[in-house]
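We name chains A, B, ... by the order of the sequence lines, and we start the count at 1 in each one.
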There are 2 protein chains.
Amino acid sequence: MTAEDTAAPARRGRPGYDRQQVLEVAVRLFNEQGYDATSVSDLAGELGVTKSALYHHFDSKSAILEVALDDALSGLESALDDAVRSHSDASAQLRALVRGAVGVLTARQSRVTLLLRVRGNSDVEQSALRRRREFDQRVAAIVRAAQAEGMIRADIDAAVATRLIFGMINSLVEWYRPGGPVDPDELADDVLRATFDGLQA
Amino acid sequence: MTAEDTAAPARRGRPGYDRQQVLEVAVRLFNEQGYDATSVSDLAGELGVTKSALYHHFDSKSAILEVALDDALSGLESALDDAVRSHSDASAQLRALVRGAVGVLTARQSRVTLLLRVRGNSDVEQSALRRRREFDQRVAAIVRAAQAEGMIRADIDAAVATRLIFGMINSLVEWYRPGGPVDPDELADDVLRATFDGLQA
DNA sequence: GTCTATATTAGGATAGAC
DNA sequence: GTCTATCCTAATATAGAC
C-alpha cells in the first residue's frame, strides 16, 4: 500500500523474502528489543524461516544494521543540504532544518531510532557515529550563525541550544508512530513553536 | 568525596571491591556499551577481577541493573512528589518538576541514562517500564492541568507538549557530563526558558 | 573477597543439498 | 530462497578451594 517501489513480483507463499522485507522486519525487531539483544535466531523466528535463510540475504547481522544506519544518515544529511541550499540566512536555514529533520524522523522513524541508539560497539557503529558527529557539527554551526543574526536569544550558549533543540526533535522517535493520531506536518509545526516560541501561553 | 555514606572502611589494595563500587563501574560500562553488549567478562576485566568475584556481590547481571534502575526511578518519583507537595497550582508544580527532573538527571546521570534505554527485555526491565509509565502519566496530568490553568498554550495537545518537554529534558543524558563545562543549575534555567519561553530572541 | 576450573546454553556463521 | 546439520566461540552461572 505505502512502499512497494521495487519491481519485485509480490511473493505469495509463506516463505520467500527479499532483502527489503528482511530489512524491514529486522529494523523493527532491533528497535523493540535493542540490536544486541536481538539474535539472528529471533529474527529468523519472527520471519518464520531458519537462520541460514537470512545469511542468504545479508552477509552478517551487522550488515543489516549498516544498511539501516546509512539510510537514516542519508535522510538527515539530505534534509540539512536542502535547508542550506534553499535559504541564504542561517535563521531560515535553521527553521527549514528543524522542519526537515522532523520530516525525516517521522518518515524513516525506525531507521533513525536505530541510529540514535548506536553506541560504537563495532566498526559499523563507529563509522555511523563519525558520520553523525559531522552532521551535528554542521547543525551547531547553523545555530551559532542564527544566534549571531539575532534570531536565537543571546542568554543561552549556542552549543546548549543546539542540543536542546535536537534533543526535543530526536525524542520523537521514542513515541511517534506513523499512522498514529499525530500528523507529521502538525508535529513539525508544534516542534517549531515549542523550540522557538515556547510552550507558554 | 561526594557519596561515601556506607560505613565501609575504605579499602586499600588493588583487589577488594564492595557492592557500591561494583555497581558504579557496571553502570558506567552499561552506558558506554549498552547493557546487552556488556558481558560479565567485560565488567570483570574492567575491575581487574574474575567473573566469579562479581557473583559474590550480585546474584546476576540483571540484579545489578535492577538496583540501578530502582535508584533512577526513586529519584524521579521524589522530584515529582516534592513538586506536587510544594505547590498548589499545576503551573508552579510543572515548573518545579522540570527543575527537579533536570536536577535528578544531572545528579544521577548514569543511572537515569540506563533507565531511559530500557526496552523491556526481561522481568526487571518490564517492571521498571511499568513504574516509569506511572510516572509519565502523573506528569501528563500535571501538564494538562497547567494547560487548563492557561499557563500552557492552547494550540498544542497536552500529551504532545508533555512528550516534547520531557524529550528535551531526557535528552540531557546523551551529552551532559557531571564536572563538565555546563553548570546543572544554569542548565535547569536554560531548559525552563527553552521549553516555556522559547529559544527565539 | 577472589581464584581456578567447569557446566551449560546460546550466539554468529558456514557447507552443501533441495 | 530455504533447509538440515554442524562448527566454534562467547556468554551466564556454579562449585569449591584459598
*By ring-ring contact (aromatic ring centres under 6.0 Å, His included) - contacts of A/Tyr35 (at least two apart)*: A/Phe30

*Give the B/S/- string for nucleotides 10-18 of chain D, one per nucleotide from 5' to 3', where a protein heavy atom under 4.0 Å of the base yields B, of only the sugar-phosphate yields S, and otherwise -.*
-SBBBB---

*asked:* Quick test of your reading of the model: are B/Arg193 and B/Asp190 salt-bridged, counting only N-O distances below 4.0 Å?
replied: yes

*asked:* Given 3.5 Å as the limit, does a donor-acceptor pair link the side chain of B/Asp36 with the main chain of A/Asp36, or not?
replied: no

*Represent DNA chain C in dot-bracket notation, 5' to 3'. Only Watson-Crick or G-U wobble pairs with both distances under 3.5 Å count; pseudoknot-style crossings use [ ] and interstrand partners use |.*
||||||||||||||||||

*Taking only side-chain nitrogens and oxygens of A/Thr50, does any of them come within less than 4.0 Å of OP1 or OP2 of D/dT2?*
no

*Taking only residues two or more places apart in sequence or in another chain, which ones pass salt bridge (charged side-chain N to carboxylate O under 4.0 Å, His left out) with B/Asp42?*
none

*Would you say B/Asp123 has more than 12 foreign heavy atoms packed within less than 6.0 Å of its CG?*
no

_Can you list everything that forms a side-chain contact (heavy atoms from CB on, under 4.5 Å) with B/Ser52? Sequence neighbours excluded, please._
B/Thr50

*What parts of residues 120-127 of chain A reach DNA chain D, counting only heavy atoms under 4.0 Å away?*
none

*Phosphate contact (D/dG1 OP1 or OP2) by A/His56 side-chain N/O below 4.0 Å*: yes

*Identify whether the distance between the nearest side-chain nitrogen and carboxylate oxygen of B/Glu24 and B/Arg111 falls below 4.0 Å.*
yes

*Atom CG of A/Asp59 with >12 non-hydrogen neighbours under 6.0 angstrom*: no

